[in-house]
Undergrad: 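The structure that follows is given in the form of structure tokens.
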There are 2 protein chains.
Amino acid sequence: MKRPTGKPAKGRQRRARRATSVDVARLAGVSQSAVSRCFTPGASISEKTRSKILAAAQRLDYAPNAIARTLISGRSRIVGVVLPNITNLFYPEVLHELSLRLQAAGLRVLLFNVPYGQQIDDVMPDVLQYQVDGIITSARCSAAVGADCRRRGVPIVFYNREFPELPGSSVKCNQVAGAARLADLLIDAGHRRIGLIAGPDNSPTAHDRERGFVQRLRARGVDLCARAGGDFLYDIARAAARSMLGQPRRPDALFCANDTMAFGAMDAARHDVGLAVPDDVSIVGFDDSGPSRWRGYDLTTVRQPLEAMTAAAVELLVQSFGQPGMPAARRLIDGELVVRSSARVAPPASD
Amino acid sequence: MKRPTGKPAKGRQRRARRATSVDVARLAGVSQSAVSRCFTPGASISEKTRSKILAAAQRLDYAPNAIARTLISGRSRIVGVVLPNITNLFYPEVLHELSLRLQAAGLRVLLFNVPYGQQIDDVMPDVLQYQVDGIITSARCSAAVGADCRRRGVPIVFYNREFPELPGSSVKCNQVAGAARLADLLIDAGHRRIGLIAGPDNSPTAHDRERGFVQRLRARGVDLCARAGGDFLYDIARAAARSMLGQPRRPDALFCANDTMAFGAMDAARHDVGLAVPDDVSIVGFDDSGPSRWRGYDLTTVRQPLEAMTAAAVELLVQSFGQPGMPAARRLIDGELVVRSSARVAPPASD
DNA sequence: CGCGCGATTGCATACGTATGCGCTTCAACG
DNA sequence: CGTTGAAGCGCATACGTATGCAATCGCGCG
């Protein structure tokens, strides 16, 4: 008998020991099992015992140790939320909605911010070490990591991404359809010289938006008259718009692949080139981020239905908790066209 | 012997069992202790054993179970980040910086978003259940909860808040000094009719900014000529500015307690009242949030030194991990005046 | 070649809780 | 009053890892 029971280790105990279920059991005169059942919804326990235990627990200021619970039950009730580049004006709202809904579902959010220049694969091992019950992410992971999650039975939901080759469900705003509606709006307003400021090359979202827009243009017999990359950033888009609109045969309408770039384009038009919006040039964006509503921009755009998307993501995740098969559902949700004053809606009266 | 060792429980095993340190030990032909030491930095282990173990671990695709590690070591390496109302334009950047720095320090972020209308005290028990090593928050908790954390040895760092009566360190931008510099700037530019759009009544930050501004005004012999609440929101501030600037004897300068309200005020001045900024009215804000740099606003404001504040917060937290005494350090960091074009900087040439 | 000492290693235990199983209790029913 | 069954309870064990202690190994020195 090297180390008799009851004699605590020495190096331990750096922090005040909090009461355990054993302490509560002792005080309440019941077994530790009873205490556990008292705090397990749906467990078999009498009302009398429960109240005795609750009283003791309150006196000792006891709360169940979620970590120990996780270890034995195999369920952590933690969801890993893995986001690249939180500063993008769109993610904060996502994270806000997401955390509220997950909390409401009794789940905790373990947040992983993938630093610029790093891949999601680099942080994935860390996520898995914490035994998360599921993962919500808007980044692409490698097939190896995907298989890893599948093997471990950790469901993944891709947010605004879709990777058919990877295991996991996905929730997406229909970027293609949204961009097409903007194309329709511009053409219906009589625009024929239409320019585009695109997002980053590596962003599937940006790609979808561009594709949806250009395809619809083509289908209606119109070609882009200008294109530049804006990287989803204000400054780059503003510079791009400035040079585009400075040309002699300039576009009379501009589609920007997100709102932030549209703000840059509007500022370029007004302040750098001296054009009026929408009288000289119509400008539309995508996202309906906060400043779109501001009087200084009043941007026509497509709103991503955040609430619906987030609700769907949480729903899909919770569903797959039961099924190890992971049915891999796909949800495609339409965005909502928000017409404001940054683009004219009808051809000019006289031509 | 009710349940012989080795016979696994039935209800368990809903997910694929991942390899454990025991599996790795068996494959590598060493003890489980050796595996543990192999993954514990600084532990005593020979190079030969380490490589054997690493090979076995790789074959089994093993990674240590952070939850089990937490249970026995008493340290989770998880930090609870408790934020109210993430949508505030300022918090996303905070969260971004914070998560990056905590991750860099080997810590995980368990995010708690306090829903509107709920108190931080309501979520604190949940935070503590997960055995977090520390807490960073920008909300006030009750004395009871504070004492609770102290007793459990969980250090708290208040971010941009300071509660002398509560245990815990704090990091704060010097709101008072920053607002005073804005007051100086306006007075130096010759403004004497100065209005203020305040933040929410329950926000200490808003309160500090107002106090700092008004005190400096007084000290230099100037009184506020108008005041209204803007609740940190664009729409409310815009309406307030509209009515303020519509008066016959209107202010010729406006201090808004945050940037978002300043944008509302600028839009009100230009579009609702028809005044030029800064020729007819100077407008200043506080935060230096993204749109401040945009050409459409180009706002004179005070930048909160996010990087420094965040670094300090993480540093204070990590420091207190060792000391159960929790020295409760206070860091006050000055903001940086950012002069742009929304406020004139010198008295008009002729009067 | 023997000794001594530091570096490694293995053994055993502990962390706090969930849960299968068997026993007890108790109420309902005939 | 005996029988039956369900509900409640306690016992014992398991989850996966860290760590004190003792035993062992390996190496240098005399």
Side-chain angles (χ1 to χ4, degrees), chain A residues 1-15 17-26 28-50 52-53 57 60 62-76 129-131, chain B residues 1-15 17-26 28-50 52-53 57 60 62-76 129-131:
Chain A
M1 212 193 296
K2 309 285 169 60
R3 192 119 133 264
T5 304
K7 185 177 176 184
K10 231 177 302 176
R12 212 70 49 70
Q13 304 302 76
R14 47 185 60 131
R15 57 177 55 187
R17 207 178 80 93
R18 64 186 289 189
T20 72
S21 60
V22 175
D23 301 325
V24 175
R26 198 179 306 126
V30 299
S31 73
Q32 179 266 328
S33 317
V35 178
S36 168
R37 286 191 251 263
C38 178
F39 288 94
T40 304
S44 163
I45 193 168
S46 72
E47 200 43 58
K48 203 170 56 174
T49 315
R50 145 167 275 125
K52 253 196 312 187
I53 293 177
L60 294 181
Y62 166 82
N65 181 325
I67 296 295
R69 190 195 289 254
T70 294
L71 184 58
I72 191 155
S73 72
R75 297 204 46 198
S76 62
Q129 280 199 9
Y130 277 87
Q131 316 298 108
Chain B
M1 207 196 292
K2 307 285 168 58
R3 195 119 131 263
T5 306
K7 185 176 175 184
K10 231 177 303 175
R12 211 71 48 68
Q13 302 302 77
R14 47 185 60 131
R15 58 176 55 188
R17 206 177 79 93
R18 63 186 290 187
T20 73
S21 60
V22 175
D23 301 325
V24 176
R26 198 179 306 128
V30 298
S31 73
Q32 179 266 325
S33 319
V35 178
S36 169
R37 285 190 255 264
C38 177
F39 289 93
T40 304
S44 163
I45 192 168
S46 72
E47 201 42 59
K48 204 170 55 170
T49 314
R50 147 169 276 126
K52 253 196 313 188
I53 293 177
L60 295 180
Y62 167 82
N65 181 325
I67 296 295
R69 190 196 290 255
T70 294
L71 183 58
I72 191 153
S73 72
R75 297 203 48 198
S76 62
Q129 280 200 8
Y130 277 86
Q131 315 298 108

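Chain naming here is simple, since letters A, B, ... match the order of the sequence lines and numbering starts at 1 in each.
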Undergrad: Using atom CZ of A/Arg75 as one end and atom C1' of C/dT19 as the other, report the distance to the nearest whole Å.
TA: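 Rounding to the nearest Å, CZ of A/Arg75 and C1' of C/dT19 are 16 Å apart.
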Undergrad: Which nucleotide in the set C/dA18, C/dG16, C/dT17 lies at the smallest distance from any side-chain heavy atom of B/Leu71?
TA: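 Closest nucleotide among those given: C/dG16.
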Undergrad: Hey, does the side chain of B/Ser21 come within less than 4.0 Å of D/dT17's phosphate (OP1/OP2), counting only N and O?
TA: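 Indeed, a polar side-chain atom of B/Ser21 lies that close.
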Undergrad: In whole angstroms, how far is the P atom of C/dC15 from the CD1 atom of B/Ile67?
TA: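 Distance check: B/Ile67 CD1 to C/dC15 P gives 18 Å.
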Undergrad: Specify the separation, in whole Å, of atom CZ of A/Arg18 and atom P of C/dG16.
TA: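 Result: 10 Å.
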Undergrad: Given C/dT8, is OP1 or OP2 found less than 4.0 Å from the side-chain N or O atoms of B/Ser44?
TA: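 For C/dT8, OP1 or OP2 has a side-chain N or O of B/Ser44 closer than 4.0 Å.
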Undergrad: Within the pair A/Tyr130 and D/dG16, is there a side-chain N or O less than 4.0 Å away from OP1 or OP2?
TA: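 A/Tyr130 to D/dG16 OP1/OP2: no side-chain N or O under 4.0 Å.
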Undergrad: Between B/Lys48 and B/Ala66, which is nearer to the 5' end of DNA chain D once each is assigned its nearest nucleotide?
TA: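 Final value for this comparison: B/Ala66.
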Undergrad: Consider only side-chain N and O atoms of B/Thr49 and B/Ser46, and report whether a donor and an acceptor are under 3.5 Å apart.
TA: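 The answer is yes; a qualifying pair exists.
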Undergrad: Measure from CD on B/Gln131 to C1' on D/dT17 and round the result to the nearest Å.
TA: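 Interatomic distance, CD of B/Gln131 to C1' of D/dT17: 16 Å.
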Undergrad: Kindly indicate whether the side chain of A/Phe39, heavy atoms from C-beta on, has any atom under 4.5 Å from the side chain of A/Pro41.
TA: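 A side-chain contact is absent here, since even the closest heavy-atom pair is not under 4.5 Å.
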Undergrad: Using atom CD of B/Gln32 as one end and atom P of C/dA12 as the other, report the distance to the nearest whole Å.
TA: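 Those two atoms, CD and P, are 13 Å apart.
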Undergrad: Would you say the side chains of B/Arg18 and A/Gln131 form a donor-acceptor pair under 3.5 Å?
TA: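 On atom types as modelled, these side chains qualify, holding a pair under 3.5 Å.
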Undergrad: Between A/Ser33 and D/dG10, is there a contact of a side-chain N or O with OP1 or OP2 at under 4.0 Å?
TA: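 No, no such contact exists.
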Undergrad: Just call it for B/Ile45: base, sugar-phosphate, or nothing, with non-hydrogen atoms closer than 4.0 Å on any strand.
TA: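 Contact class for B/Ile45: sugar-phosphate only.
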Undergrad: OP1 or OP2 of C/dT9 sitting under 4.0 Å from any side-chain N/O of B/Ser46?
TA: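 Yes, such a contact exists.
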Undergrad: Side-chain N or O of A/Ser36 versus OP1/OP2 of C/dA18: is the shortest distance under 4.0 Å?
TA: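 Looking at the OP1 and OP2 atoms of C/dA18, one of them is under 4.0 Å from a side-chain N or O of A/Ser36.
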Undergrad: Take the protein atom CD of B/Glu47 and the nucleotide atom P of D/dC27, then report the distance between them rounded to whole Å.
TA: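 Interatomic distance, CD of B/Glu47 to P of D/dC27: 15 Å.
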Undergrad: If you look at every strand shown and take non-hydrogen atoms under 4.0 Å, does A/Val30 touch a base, only sugar-phosphate, or nothing?
TA: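 If one applies the 4.0 Å heavy-atom cut-off, A/Val30 turns out to touch the sugar-phosphate alone, with no base involved.
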Undergrad: Could you state the atom-to-atom distance from CZ of B/Arg50 to C1' of C/dA7 in whole Å?
TA: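 Going from CZ in B/Arg50 over to C1' in C/dA7 covers 14 Å.
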Undergrad: Run the numbers on A/Ile53 and A/Val30 for side chain to side chain contact (heavy atoms under 4.5 Å, CB included), then give the verdict.
TA: CA-CA 8 Å; A/Ile53 293 177; A/Val30 299; 4.0 Å; yes
Undergrad: Tell me: CD1 of B/Ile72 to P of C/dT17, nearest whole Å?
TA: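 It is 15 Å, rounded to the nearest whole Å.
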Undergrad: Does B/Thr20 make a side-chain N or O approach to OP1 or OP2 of D/dG16 shorter than 4.0 Å?
TA: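 For D/dG16, OP1/OP2 do not have a side-chain N/O of B/Thr20 under 4.0 Å.
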Undergrad: With rounding to the nearest 0.5 Å, note down the distance linking OG in B/Ser21 to CZ in B/Arg26.
TA: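 It comes to 10.5 Å.
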Undergrad: Mapping B/Ala68 and B/Ser31 to their closest nucleotides on DNA chain C, which lands nearer the 5' end?
TA: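 Going by which nucleotide is closer to the 5' end, it is B/Ser31.
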Undergrad: Could you tell me whether the side chain of A/Arg75 reaches within less than 4.5 Å of the side chain of A/Thr70, counting heavy atoms only?
TA: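 No. Closest side-chain heavy atoms not under 4.5 Å.
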Undergrad: Heavy-atom nearest nucleotide on DNA chain C for B/Thr49 versus A/Arg69: which residue maps closer to 5'?
TA: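 Closest to the 5' end, via its nearest nucleotide, is B/Thr49.
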Undergrad: Report yes or no: is there a donor-acceptor pair, N or O only, under 3.5 Å between the side chain of B/Arg37 and the base of C/dG10?
TA: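 Side chain to base: pair found, below 3.5 Å.
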